[in-house]
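A short worksheet on the structure shown next.
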Number of protein chains: 2
Amino acid sequence: MPGQTSRPATITDVAARAGVSVPTVSRVLTGAARVSPDKRRLVEAAISELRFRPSAAARVLASRRSQVIAVIAGETSRYGYAETIRGVEEAARAVGYTVMITVVESADQDELDRAMSATLSQPIAGVIVLKFDPPGVAALHRVPADLPVVALSGVREKNIAQAVLDETRAAEELTAFLLGLGHATVHHVRVPPSRREDGRTTGWRRALRKAGAEVITPYDATWEPRSGRAIGHEIAADASVSAVFCGNDEIAMGVVRGLNDQGLRVPEDVSVVGFDNHPLAEMWSPALTTVEQDFAGMGRRGFDLLAQLVNGEDGRTFSSERPRLLVRDSAAAPAPQRG
Amino acid sequence: MPGQTSRPATITDVAARAGVSVPTVSRVLTGAARVSPDKRRLVEAAISELRFRPSAAARVLASRRSQVIAVIAGETSRYGYAETIRGVEEAARAVGYTVMITVVESADQDELDRAMSATLSQPIAGVIVLKFDPPGVAALHRVPADLPVVALSGVREKNIAQAVLDETRAAEELTAFLLGLGHATVHHVRVPPSRREDGRTTGWRRALRKAGAEVITPYDATWEPRSGRAIGHEIAADASVSAVFCGNDEIAMGVVRGLNDQGLRVPEDVSVVGFDNHPLAEMWSPALTTVEQDFAGMGRRGFDLLAQLVNGEDGRTFSSERPRLLVRDSAAAPAPQRG
DNA sequence: CTGAAAGCGCTAACAA
DNA sequence: TTGTTAGCGCTTTCAG
C-alpha cells in the first residue's frame with residue numbers, strides 16, 4: 001500500500017498501529033507510569049516503524065513543562081561569550097535540554113523588549129543571562145518574575161541565582177604580581193564595562209590602593225584588538241608607563257603591537273599583561289602573562305544552577321570560581337630608563 | 001482587588017477583559033483578518049494591561065507554523081563557526097525568528113540521532129546545517145525530508161539549498177599569489193577537513209598543478225594553534241620549505257611562532273599565509289597575508305535562503321560569495337639560501 | 001467584521 | 001495496568 005502522505009506521524013497513529021490507547025503510548029514515551037512489557041514492545045515497534053517523533057509543542061501545552069532554555073547575551077562570538085555559551089550548551093545537551101539563543105544588542109527598553117519577546121513567548125523552562133555588558137544587565141531585569149533565571153558574570157548580585165568567575169580577586173592578584181616585580185604603578189586598559197565598573201577594574205584599583213601606588217585613570221578600549229593598538233601608541237609616548245594591565249588578551253595583543261610599532265619592546269621596555277587566557281595568548285610573542293578564565297565551566301555551572309531551580313530542588317544558588325594566574329613572558333621588572 | 005495569582009494571562013483573559021471573543025483577539029495578534037478600530041484598541045489595551053504574551057506552543061499547535069529555526073553545528077565557539085552563527089541569528093532576529101543551537105560532536109549515527117532528536121522534536125520551521133566538518137556532514141543527511149534545510153559551507157553539494165564561501169577559488173588565488181612571488185612551490189598545512197578534501201586544499205592543489213609546481217603532501221593540523229606551532233618546528237628543520245599556506249589564521253600564527261622558536265623569520269626566511277582574516281591576523285607580527293571570509297554574511301544569506309523555503313517562495317537555492325585576498329606582510333619573495 | 005464550534009497532539013486526572 | 005474524559009491556549013473554519 002503506497003501513498004502514505006508524508007504528514008508526520010502523531011501519537012494517535014502510533015496508538016492505532018500498536019492497538020493500544022493514546023495515553024498508553026504517552027506512558028511509554030514519558031515513563032510516567034508502568035506499562036506491561038508486551039504493550040510496551042508493540043508501542044516501541046510502532047514508534048520506530050512510523051518514525052514517530054512526539055511534538056514538543058503539544059507536549060509543552062499539555063504538561064506545562066519544557067525542555068528548552070534560553071540564553072540571553074549581548075554578543076555571541078567574542079571569546080568569553082562564545083565559550084560561556086558553549087559550556088551552557090554542553091551541560092544542557094547532556095540532560096536532554098536544547099538551548100535557544102537571544103542576542104540583545106542594546107540596553108534600550110523598547111529594543112530590548114522586542115528582542116526578548118520573541119524568545120519569551122517560546123515555551124522555555126528557564127533563562128540564563130550573560131551579564132557581561134549593559135544589554136545583558138538590562139535584559140536581566142526584564143525577565144518575567146515567574147521564570148527561573150540564572151545570571152552569569154564576574155560580579156556578584158543580590159537575590160538572584162548566579163555563577164561567577166571571581167575576576168576581582170584575580171585582577172587584584174595579577175596587579176599585585178606586577179607591583180611585586182618592582183613597577184611603581186600599573187596602568188589599566190579597560191574593556192567595555194557592564195556597569196560603572198567591572199570586576200577587573202575594581203581588583204586592579206584595590207591592589208594599587210593596598211600597595212599605596214598611584215591610581216591612574218584607565219584607558220578605554222572597545223572589544224576590537226585594533227583599539228588596543230591605538231592605545232599602545234599613546235602609551236609608547238608616555239615614558240612614565242612601565243606596566244599595563246589590559247582587560248583582556250585580545251586588547252593586550254593590540255597594545256603590544258602598538259608598542260612594537262613605536263619601537264618599544266615587551267617586556268624589556270614595558271610589561272603588558274592580559275586576562276582570559278585566549279587560545280592565542282600563548283602563541284603571541286612574547287607569550288602573554290594572563291589569568292585563565294574558565295568560561296565554559298561557568299556556563300556549565302550556570303546551567304546546573306538553573307536545572308536546580310527548574311526542578312524545584314533547593315541547593316546552592318551561587319557558584320563562584322577563582323581564575324588562575326598564568327605567568328608567562330610578557331611581564332618583567334621595570335626598565336630603568338622608563339617608569 | 002489584590003490577589004491576582006501570577007499565572008500568565010491567556011488569550012481568554014484578554015478576550016474577557018476587552019469584552020470580545022477569543023478569535024477576535026487572535027485576529028489582532030496575527031493580523032490575519034481585519035478588526036474594527038475600536039475593538040482593536042480595546043484588545044491592545046487589555047493585552048498590555050495583562051502583560052499578555054501569546055503562548056508559542058499553543059500557537060504552533062494550532063497553526064502548524066513556527067518562528068524558530070535550528071542551527072546544527074559541530075562546534076560553536078571557533079571563529080568561523082561563531083561568526084556564521086552570529087550572522088544567522090542576526091538575520092533571523094530581524095524578522096522575528098529565534099534560533100536554537102544544536103551541537104553534534106560526533107558523526108556516529110546513534111550519538112547524532114540522540115543529539116538531534118531533542119531539537120527535531122521541537123516545533124521548528126527549518127534547519128541550517130554548518131557543513132564544516134564530519135559531524136555537520138553527517139547531520140545534514142539525517143534531517144527529516146519534510147523539514148526545509150539549508151547547508152552552509154565552502155563546498156557545493158547537489159540538491160540542497162546552500163550558501164557557500166568559494167574557498168576553492170580563494171585558495172587557488174592565494175597560492176598563485178605566493179607562486180607569483182617566486183616560490184618554487186607552496187607547502188600546505190590543513191585544518192581538519194570535512195570530508196576527504198576541503199576547498200582550501202583543492203584550490204591549493206589546483207594552483208600548483210596549473211603552475212606545474214610540485215605538490216607536496218600537506219601537514220595536518222588540529223584546530224588548536226599549538227598544533228601549528230609544532231608543525232612550524234618541523235618546517236624549520238626542512239630547508240626546502242620557502243612558502244606555507246595554512247588552512248586558517250590561527251594555525252598560521254602557530255606556524256609563525258614555531259618558526260620563530262627556531263630562529264627563522266617571517267617573511268624573510270619563510271613566507272606564511274593564513275585564511276579567514278581572523279580579528280588578530282592584522283595584529284600579528286608580521287601582519288598576516290590572508291583571505292577575508294565573510295562568515296557572518298554567509299550566515300545571513302543562509303537564513304534568507306531558508307526563509308524563502310519556509311515561505312514557499314521560489315527563488316535562488318544557491319548563494320555563493322568569493323572571499324577576498326588580503327595582502328599584508330607575512331609573505332615575500334623567497335630567500336636565496338632556502339627553497 | 002465578528003462569534004461559535006472544532007481541533008492541533010499531547011498529558012493528566014479519574015475510573016475501571 | 002489500562003482506557004475514558006478533559007483540557008492545555010491558540011488558530012481555523014464556518015455562519016451570520
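Computation of the quantities below employed the complete heavy-atom set of this structure, encompassing side-chain atoms and omitting hydrogens, waters and symmetry-equivalent molecules. Chain letters run A, B, ... following the sequence lines, proteins first, then strands; residues in each count from 1.
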> Do the side-chain N or O atoms of A:R64 get closer than 4.0 angstrom to the phosphate oxygens (OP1, OP2) of D:dC8?
Replying inline: no
>> So, OP1 or OP2 of C:dT2: does either fall under 4.0 Å of a side-chain N or O from B:S36?
In response: yes
> Does the side chain of A:T24 get closer than 4.0 angstrom to OP1 or OP2 of D:dG3 through an N or O atom?
Replying inline: yes
> By ring-ring contact (aromatic ring centres under 6.0 Å, His included), which residues pair with A:F52, not counting sequence neighbours?
Replying inline: none
> Among C:dG3, C:dC10, D:dT11, which nucleotide sits nearest the side chain of B:K39?
Replying inline: C:dG3
>> Does a side-chain N or O of B:S63 approach OP1 or OP2 of D:dT11 to a distance below 4.0 Å, or not?
In response: no
> Can you tell which of D:dG3, D:dG9, C:dC10 lies closest to the side chain of A:R59?
Replying inline: C:dC10
> For the pair made of CD1 in A:I11 and C1' in C:dG7, what is the distance, rounded to whole Å?
Replying inline: 16 Å
>> Can you see if the side chain of A:T30 gets near the phosphate of C:dT11 - specifically, an N or O under 4.0 Å from OP1 or OP2?
In response: no
>> From CG of B:L42 over to C1' of C:dC1, roughly how many Å is that when rounded to an integer?
In response: 15 Å
> So what does A:V22 hit on the nucleic acid, given a heavy-atom distance under 4.0 Å: a base, only sugar-phosphate, or nothing?
Replying inline: base
> For A:L61 and B:A33, take the nucleotide of DNA chain C holding the closest heavy atom to each; which residue's nucleotide lies nearer the 5' end?
Replying inline: B:A33
> Want to settle it: does B:G19 or A:L29 sit nearer the 5' end of DNA chain C, counting the closest nucleotide to each?
Replying inline: B:G19
>> Please pick, from D:dG3, C:dG3, C:dT11, the nucleotide with the shortest atom-to-atom distance to any side-chain atom of A:R27.
In response: D:dG3
> Just by distance, do the side chain of B:R59 and the backbone of B:P54 share a donor-acceptor pair under 3.5 Å?
Replying inline: no
> Taking the side chain of B:A58 as heavy atoms from C-beta outward, which of C:dG9, C:dA4, D:dG9 is closest to it?
Replying inline: D:dG9
> Which word best sums up how the rings of A:F295 and A:F132 line up, parallel for under 30°, tilted for 30 to 60°, or perpendicular for over 60°?
Replying inline: tilted
> Between A:R65 and C:dA12, does any side-chain N or O lie under 4.0 Å from OP1 or OP2?
Replying inline: yes
> Charged N to carboxylate O below 4.0 Å: is that the case for B:D133 and B:R78?
Replying inline: no
> Would you call B:R7 and B:D13 a side-chain contact if the rule is heavy atoms closer than 4.5 Å?
Replying inline: yes
>> Please list, in numerical order, the residues of residues 114-125 of chain A that have a heavy atom closer than 4.0 Å to any atom of DNA chain C.
In response: none
> Does a side-chain N or O from A:S21 land closer than 4.0 Å to OP1 or OP2 of D:dG3, or not?
Replying inline: yes
> Any salt bridge (Lys or Arg N to Asp or Glu O under 4.0 Å) pairs touching residues 88-103 of chain B, not counting sequence neighbours?
Replying inline: A:E105-B:R93, B:R86-B:E90, B:E89-B:R93, B:E90-B:R300
